[in-house]
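Report on the following structure.
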Amino acid sequence: MDKLQVVGGKRLEGEIVISGAKNAALPILCAGLLTSGDLELSNVPRLHDVKTILKLLAQTGLKVSQDDERVTLNGSAITTLEAPYELVKTMRASILVLGPLLARFGEAKVSLPGGCAIGSRPVDQHIKGLQALGAEITIEGGYIYAKCKKLKGARIRTDMITVTGTENLLMAATLAEGETILENAAREPEVTDLANLLVAMGAKIEGIGTDRLVIQGVAELHGAKHAVISDRIEAATFLCAVAATGGDILLKNTRTDYFDVALDKLREIGLVMTMGPDSIRAQMGGRPKPVSFRTTEYPGFPTDMQAQFMAVNTIASGSSRITETIFENRFMHVQEMNRLGAAIQTEGNTAHVKGVDKLVGAPVMATDLRASASLVIAAMAAQGTTIIDRIYHLDRGYDRMEVKLSAVGADIVRIK
Ligand SMILES: CC(=O)N[C@H]1[C@@H](OP(=O)(O)OP(=O)(O)OC[C@H]2O[C@@H](n3ccc(=O)[nH]c3=O)[C@H](O)[C@@H]2O)O[C@H](CO)[C@@H](O)[C@@H]1O
Ligand SMILES: C=C(OP(=O)(O)O)C(=O)O
């Protein structure tokens, strides 16, 4: 199993090119199931999760051709309407094939994803929404069996804001008969990117970017060309890295208009940022200032950045309070950071972080994707050597993070 060895205390300087967004690429690739035409996608990140979804899509009979960050899909010969447990258990986003398969073929069998390291993560709202569109759904042997003659538009209000739930229902509604209204819809930029792609495929969607999506179903969708938006979470992770280590980096291929309150918090920490049309220059000198926050849906503070900001707070010049409101178990990194000398105590869904003068390297274990990224940041800020185990989590969602970081001066190597 691969590990990362990090020797801390190095200042970061240079350029990093940000990859396409994992959370936009995954639903967009699943949209290939909605059409018999060619979907020509660019800026698709080189991630383990992308490999998994492409494997799953290929199993359905979808034709996949890939040339680095360009992927072309053709759904004219789909024969298998199934997502098996073996693949779904390694990546929850596999549930995103359910809406498209059902809407286009009237049938789907998709494994229930189950819980994961950060929470129980049910998919009841995906099911409730598809039932409202007229699907008959049964659960048996750990699988969702969904059937319908033709989905019919409906007004759906999910109990909570769900990102992949909104995406699944949006994709299903594009081919339903009549009008669907999705209320309480997620507004994440990745949902908007999917909606823009669907419009390019011939879908009729109003309210894109808002919490009320109105979809007029069409008989069929056609092929399209689309560039996946760049990854705001990857970009913000590198900004946290420079905030923790000090330095001067230029992020390229990043947008500046879709960031959430995370950027304001980085300014509060003391990071100086200069925005270009598709770049961010970030400069940091001195010790970070502590920042308190609570995670919420977009445009609030993203849960996918909570761990990385905690890493910066561990060495800040004071105390902070972090409240996680999206997932019930997203503090697994706390004990690992404390192994590096951090002073963090949790109380329910709140972590109290007392900034310490220094962290010291130690062996630690990655428990999930963003926890892994936070340990890389903490290790880069620590004195001495840290070995991070189980970095397969990191490879799910970051494109060669250690290569990008060592190119800007970090001492970080992968140990096979
Ligand atoms: C591939 C992808 O895009 N993943 C992102 C997506 O995950 P994902 O779409 O799985 O997260 P959701 O937005 O659905 O989850 C939000 C909350 O709603 C709950 N819930 C959700 C659906 C449901 O049917 N029932 C239910 O109870 C979840 O357990 C969680 O507590 O949004 C999360 C929240 O921004 C991010 O952390 C993930 O990186
Ligand atoms: C939680 C995440 O992803 P997923 O929903 O794919 O598990 C994440 O990207 O931080």
Side-chain angles (χ1 to χ4, degrees), residues 19-30 45 47-50 52-53 56 87-99 110 112-132 137 139 144 156-171 182 184-194 211 228-229 231-234 236-237 260 262 295-309 324-330 332-333 349 366-374 392-399 401:
S19 300
K22 163 177 95 65
N23 288 350
L26 297 176
I28 281 173
L29 289 164
C30 292
L47 303 174
H48 202 270
D49 271 7
V50 167
T52 308
I53 204 83
L56 174 54
L87 288 173
V88 177
K89 74 177 179 195
T90 64
M91 193 189 62
R92 300 180 46 78
S94 315
I95 190 74
L96 287 164
V97 302
L98 178 60
V110 176
L112 274 168
C116 80
I118 61 175
S120 59
R121 306 185 73 179
V123 289
D124 56 303
Q125 301 300 307
H126 302 233
I127 293 172
K128 175 181 126 168
L130 292 172
Q131 282 170 330
I137 297 192
I139 312 273
I144 302 167
I156 303 168
R157 187 181 170 84
T158 47
D159 296 359
M160 77 290 294
I161 299 173
T162 155
V163 174
T164 48
T166 301
E167 292 164 347
N168 234 340
L169 298 174
L170 174 62
M171 287 191 277
L182 295 181
N184 209 20
R187 289 181 288 160
E188 268 67 3
E190 294 76 20
V191 179
T192 295
D193 202 29
L194 170 68
D211 63 357
V228 174
I229 51 166
D231 198 319
R232 66 192 164 102
I233 304 296
E234 187 197 20
T237 299
D260 29 56
T295 62
T296 53
E297 298 84 2
Y298 188 84
F301 192 99
T303 175
D304 291 352
M305 284 307 301
Q306 178 254 106
Q308 301 90 313
F309 271 77
E324 171 60 52
T325 74
I326 306 292
F327 293 110
E328 68 271 20
N329 190 32
R330 213 174 191 182
M332 298 279 277
H333 41 280
N349 68 344
T367 50
D368 68 72
L369 169 54
R370 308 303 169 186
S372 315
S374 74
Y392 55 85
H393 291 294
L394 194 73
D395 295 331
R396 270 192 51 213
Y398 288 92
D399 177 6
M401 186 189 240

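We count ligands from 1, going down the list as the structure has it; atoms in each ligand are counted the same way.
- With rounding to the nearest 0.5 angstrom, the OG atom of Ser374 is 10.0 Å from the CE atom of Met305.
- Listed by chain and number, residues touching ligand 2 at under 4.0 Å (heavy atoms only) are Lys22, Asn23, Ile118, Arg121, Asp304, Arg330, Leu369, Arg370, Arg396.
- With respect to Lys22, the side chain to side chain contact (heavy atoms under 4.5 Å, CB included) criterion is satisfied by exactly one of Ile233, Ile53, Leu369, Asp304: Leu369.
- When each of Thr162, Thr158, Asp159, Thr166 is checked for a side-chain hydrogen bond (donor to acceptor under 3.5 Å, both in side chains) with Gln125, only Asp159 meets the rule.
- In this structure, Leu112 CG and Arg121 CZ are separated by 14.0 Å, a value rounded to the nearest 0.5 Å.
- Under 4.0 Å from any atom of ligand 1, one finds heavy atoms of residues Asn23, Ala93, Arg121, Pro122, Val123, Asp124, Gln125, His126, Met160, Ile161, Thr162, Val163, Thr164, Thr303, Asp304, Ile326, Phe327, Arg330.
- Atoms CZ and CG, from Arg92 and Leu26 in turn, are 12.5 Å apart once rounded to the nearest 0.5 Å.
- Note that CG of Leu56 is 10.0 Å distant from CG of Leu96, once rounded to the nearest 0.5 Å.
- The residues Arg396 and Asp368 are annotated as not salt-bridged, no charged nitrogen and carboxylate oxygen being separated by less than 4.0 angstrom.
- A distance of 9.0 Å separates CG of Asp395 from CG of Leu47, quoted to the nearest 0.5 Å.
- Considering SG of Cys30 and CG of Leu98, their distance stands at 10.5 Å, rounded to 0.5 Å.
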